[in-house]
Structures are given as C-alpha cells and as structure tokens.
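All remarks here apply to the structure that follows.
Hydrogens, waters and symmetry mates play no part in the numbers below; they use all other heavy atoms, side chains included. Quick caveat, the model's predicted, so the values are computed rather than measured. Within every chain, numbering begins at 1; the chains are lettered A, B, ... in the order of the sequence lines, protein sequences first and strands thereafter.
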There are 2 protein chains.
Amino acid sequence: MQLAQTTPARTTPAPAIHAPGLLSEPVIGRCTASDVLRWAGLPQLASAESDALPLWQRRVAAEQTLVHEDQSVQALYLVAAGSFKCTQTDLEGYEQVLGFAIHGDMLGLDGMGDLHHSSAAVALEDSTVVVLPYPELLQMSQQLPALNALLHHAAGVELQHRGHTQYLISAASAEVRVARFLLHFAQRQLAQGHSQRRLHLRMTRRDIASCLCVAHETVSRALTALVAQGCIRVCNRDVEITDPALLQSMQRVTRGAPRRKGHAQGTAGTARFALTQ
Amino acid sequence: MQLAQTTPARTTPAPAIHAPGLLSEPVIGRCTASDVLRWAGLPQLASAESDALPLWQRRVAAEQTLVHEDQSVQALYLVAAGSFKCTQTDLEGYEQVLGFAIHGDMLGLDGMGDLHHSSAAVALEDSTVVVLPYPELLQMSQQLPALNALLHHAAGVELQHRGHTQYLISAASAEVRVARFLLHFAQRQLAQGHSQRRLHLRMTRRDIASCLCVAHETVSRALTALVAQGCIRVCNRDVEITDPALLQSMQRVTRGAPRRKGHAQGTAGTARFALTQ
DNA sequence: CGAATCTTTGAACTGAGTCAATTAAAGTGG
DNA sequence: CCACTTTAATTGACTCAGTTCAAAGATTCG
C-alpha cells in the first residue's frame, strides 16, 4: 500500500517537469498489483493481497522521454497502453534503438544493476504506464512473493527480447532482417490479442533501421522488395502480411554460417527471381 | 542451507552426463553466499547470514556446455573462475554469440522469464561455477534479502551487457567494432583486477566475429589494421594495447547518424592514411 | 608426427551505405 | 481553412567495405 501513497503526495522532486492540468503530463489513474501481474503475463499470481495493493498510472505523451539515460532509478514502469522505444545514445550523439516495448513490457529494468538507467525510454504515441517506485518495490517484494516473481519474470523476458533483437541483426541481408522484424512484431501483437496479419507500426523507418543496424533507406527498399514478392502490403505505417508462409521462408539465410560443406544459401536470390513474374 | 544439500544428493536426474571421478565433470568444491555476493559486485551485502549459507561449486571443462538452449531452468550459475560464451542457435544451425561471461557474471538469467533458457552457455576454458538451484534460490531470496538483491543486480548488469553488445554492433565499420570490443574487454578485465593493457582472449576469432556480426576473416583483418596503426600488438590470442588513447579515438564513427549538417565522419579513412607511414 | 582447427592473407564480387532529389504526410500559424 | 514549414518516406545512382571463396601458415592435441 505504501507504493501508491508515496508516489502522488511527495513525488515531484526529481521529474521536475510537472504541469498538472495539461493533457500530456502526469494525469494519473490507478490500478492494482493484480492488474500488473496479469498484464505482465503472470495472471496466476494475482491474489487478494495483490488486489489490495493499489498503484498509480501515469500518462506519457508521444515523443516524451519517460526514462532518461544515466538517470538514477526512481521507478520501474509497466506499459499499460501505447508503446515505447528503448534507446542508447553514444558519445557522437547517435541514437541506437535497442528495442520496442508494448503492453505488458517493463521499462527501466537495466537500471537494476547499478541503480542508473543505461537506456532511455521514449513514448512512440500517447501512452500509459504503471509506476512501480523502486525502493518501495524491493521492500514490498520481500513481503509479497508475487511481486518478486514479477521482477524476475520481467527481467527474464527482457533478456530474451534483447537476445531476439540480436538474432534479428545477425541476419545477413537487410531483407531478412526486416522480414524477421515484421514476424516478431506480429508475434508480439498476437500475444496481446491483436491481429497477426495487420500491423500498425508506431515507429519511424529510421527507428526500425537503427534497431536492425541498417540505413533507413535500406529498410524502405527491403519493404518495397517484400511487397514486390507478395509477402506483404504496405501503406505508410500499416503493414499487412498477405503471405505469412512466404515471409517465413525469407527469414532464413544467416551469413557467416558456411557450416560443413552442403549449405544451400541461394534462398534469397532464388526467391527473388522466382517471383519477379 | 537447503541450497547446498539438495544439489549433490538428489540432482542427477536431468544433467544425465555425470561421471564422478573424471577431471572434467562435477568435481565439486564449496563456498558461501557471501563469496557469491562479493564476486557478483555486492560485497556490502555479505553478512553473517550469507556466511552461513554454503553453496556448491562445479567444474566445467573447456568446450563443455553448462546451460543448454531450451533446457528448463534447473539452476543459475555464477562464474567463479574461467570464462564462457553465451550463444543462441537458429533454425539453420548458425550459432550467434550473444556475449562472453567472466568471473562475477551470472549465467542462465534469461531463463527467468518462462523457466526455459533461451541461450546456451559454453565454457571457453576449464572453469568453475557456483551452482544456485533455482526454485530453492527463489525461496531463499524471500528470507535473505541480500540474495534477492543479488538476482536483481545480476539481471540489471546482464541487461547492460547486452545493451553494450548492441552498441558494439551498431558501429559502422568492422575496425570500429573490434576496437570497441577490445576496449570493453579491457574494461572488464580491469574491473576484475587484471591488467588493462595485456588481454588474453579466450575465444576464437570466429566467436568474436559472431558476437560482432561480421565474418571471421574481417575480424582478422581489423586486428591486422589496428596493429598497423600502432594501437595494439597481437600474438595469437594475446593482445596488448600499446596506445589506449589511439584505440579510444578509433571507437568513434557510428554510421547512420548524419545528425544535423556538420558530421565529421572521415575518421577511419583519415587515420588509416595518416599512419601507413 | 599427423589431423583438425584456427588464423591470416589474397582476389573478386556485391549488398548496402552514402549522397541526392522527389514525393508524401504531418504539423504550424495566420 | 489553406499556404507554409518540417519531417518522414521512397527511389535512383554510385562507390566501397565486407562477404565469399580459396589457399596457405600456425597452433593445438591426440
């Protein structure tokens, strides 16, 4: 119960930007720890105790940075609605996108190591997060095992995400990377009960490009190529997967894997010719 | 205390490979939770209680796989001595290296999400790990807050590592990636009290290449280039950083970051000419 | 000492980065 | 509500860094 009480009353010191009354800023709602457990993928851990633990929600306007890089960890956040990109900025000011977060994903976990966030979280659209004040969260998790499990679960899931992102990048060709990205995105949408076919990308091509470590023009070209092959249809940021099986077949070919002798690696090229009418 | 007792007596069912008496297999030693806390970077949390919690250590022979992909989570492991590579294998059998673990790093954390490991851990040399049986660990962490903090800390650190790995890959040129890799490796060695200048790489060029998402020949060439520029000296897997400042200056140039108008990106090329005598 | 693996180097080809220019979309302000 | 600005997206042309293929040393290990 401490969690919700401490937040609204005496928060303000750190965030600084705090304009109550505006559509974009705090504008707080509430939910329970049970909601959080359900959204995070642990519905079976919701209980009377977690029902009794109220939590605050916070609105985050599009483009707004919820978590700043190098900021000390004040809280972790669970995405209730909307979406975010997680980024790292290097010395030269290049913004590297580490991944995207949607409903049920936790933000800020990488700060648990040294209590400083090593990546930022920026809202891609008007979004809502559940605020989990960090020190209080740790304290509570000692008393409420479900909360502890939540943290572990979320950390594990986040690590898997990052592993998967690296898998996307490991693909040889840009076309394969984009194909994998779309399939992964569809997969995640499905897990949230959305359509597996019709995707609405909330991020720019540039963000996707950064995440896949290619130039943004290349993402554009890859999408065009996939359209030409009949895998997908694209209208701005709306992507429809018209031929999932074909798209699946493109996410092969990994580069640098001349294992043994017999490696049929002409897939991409072959498919291209086969389908250019 | 349950931790150590459960492990040796009634483990055996899953690992299957179990040949007591051989140099390579279990051959167990012991340590305390305090040791683990210290090694993991949380010395301040060591206490009388953690002193009283004995844990088993296990030897892992070079090349041996400690954690298998898709295996259900039996335990987490802390690297006490030696080193590991963490890998993911895709459908085509291509082994993608996600990162390397040395003394103080935790293995198996990404399994906390769904209790199945999503990456494997393979010893690069004869190594020793502390075994932290998972269900027992969770149980104990409810009673011993320090253990809980350990898990959170380790998860945070691991996430940072993966973020850093992506930073390595985000570099435009292979030379930059390798430079960053060496500097990062030196950094980690330093944190463990080893020399910051003299590195002994335990992994093959191929492993490094996989981790950096380039061909192994390219790693070779990049190293040769760095030697030619006087940054480093290389003898097999021993690398000496002869000019840290120069090496630092090479880890710039990020690609895809044509921010604003004035972006001086000729660094790599310029430096090459300037130093080819 | 030979087999296997790792590492380096060479040569040729190509995918993707870069630059550039056009079009489309989304804000902005009068 | 419409001109105006700004940002996003697409497409083309050119170039080159890095992959691929090949082959020769070096190192490790049985």
Between [N] atom [atom2] and [X] atom [atom1], what is the distance in whole Å?
X: B:L201; N: C:dC6; atom1: CG; atom2: C1'; result: 13 Å
X: A:Y94; N: C:dG17; atom1: OH; atom2: P; result: 10 Å
X: A:I208; N: D:dT10; atom1: CD1; atom2: P; result: 9 Å
X: B:R237; N: C:dT5; atom1: CZ; atom2: P; result: 14 Å
X: A:E175; N: C:dA16; atom1: CD; atom2: C1'; result: 12 Å
X: A:N236; N: D:dT10; atom1: CG; atom2: P; result: 8 Å
X: B:I169; N: D:dG18; atom1: CD1; atom2: P; result: 14 Å
X: A:E63; N: C:dG27; atom1: CD; atom2: P; result: 9 Å

Proximal nucleotide (of C:dT9, D:dT19, C:dA16) relative to the B:T224 side chain: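 For the B:T224 side chain, the nearest candidate turns out to be C:dT9.
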query: So which nucleotide from C:dT8, D:dT19, D:dT10 ends up closest to the side chain of B:A215?
result: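 Looking only at heavy atoms from C-beta outward on B:A215, the closest nucleotide is D:dT19.
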- request: Specify whether B:H164 and B:H184 have parallel, tilted or perpendicular ring planes, treating 30° as the upper limit for parallel and 60° as the lower limit for perpendicular.
  value: parallel
- prompt: Just checking, B:R180 and B:Y167: is the charged tip under 6.0 Å from the six-membered ring centre and within 45° of the axis?
  reply: yes
Beyond-backbone contact of A:L124 with A:D207, side-chain heavy atoms, under 4.5 angstrom: yes
- prompt: At what distance, to the nearest 0.5 angstrom, does CD1 of A:I232 lie from CE of A:M250?
  reply: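 Going from CD1 on A:I232 over to CE on A:M250, the span is 10.5 Å.
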message: At 4.0 Å (heavy atoms only), tell me whether B:T204 reaches a base, stays on the sugar-phosphate, or touches nothing.
response: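 Answer is sugar-phosphate: B:T204 comes under 4.0 Å of backbone atoms only.
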message: Judged by each residue's nearest nucleotide on DNA chain C, which is more toward the 5′ side, B:V219 or A:A174?
response: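 With A:A174 and B:V219 compared, the 5'-side residue is B:V219.
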message: Let's test your reading of the model: under 3.5 Å, does the base of C:dG15 pair with the side chain of A:R221 as donor and acceptor?
response: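 Side chain to base: no pair below 3.5 Å.
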- request: Indicate, yes or no, whether a donor-acceptor pair under 3.5 Å links the base of C:dC6 to the side chain of B:E217.
  value: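 When only heavy-atom distances are counted, B:E217 does not reach the base of C:dC6 through any donor-acceptor pair under 3.5 Å.
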message: Please identify which of these residues, B:V60, B:L107, B:I102, meets the side chain to side chain contact (heavy atoms under 4.5 Å, CB included) condition with B:V79.
response: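 Single side chain to side chain contact (heavy atoms under 4.5 Å, CB included) partner of B:V79 among B:V60, B:L107, B:I102: B:L107.
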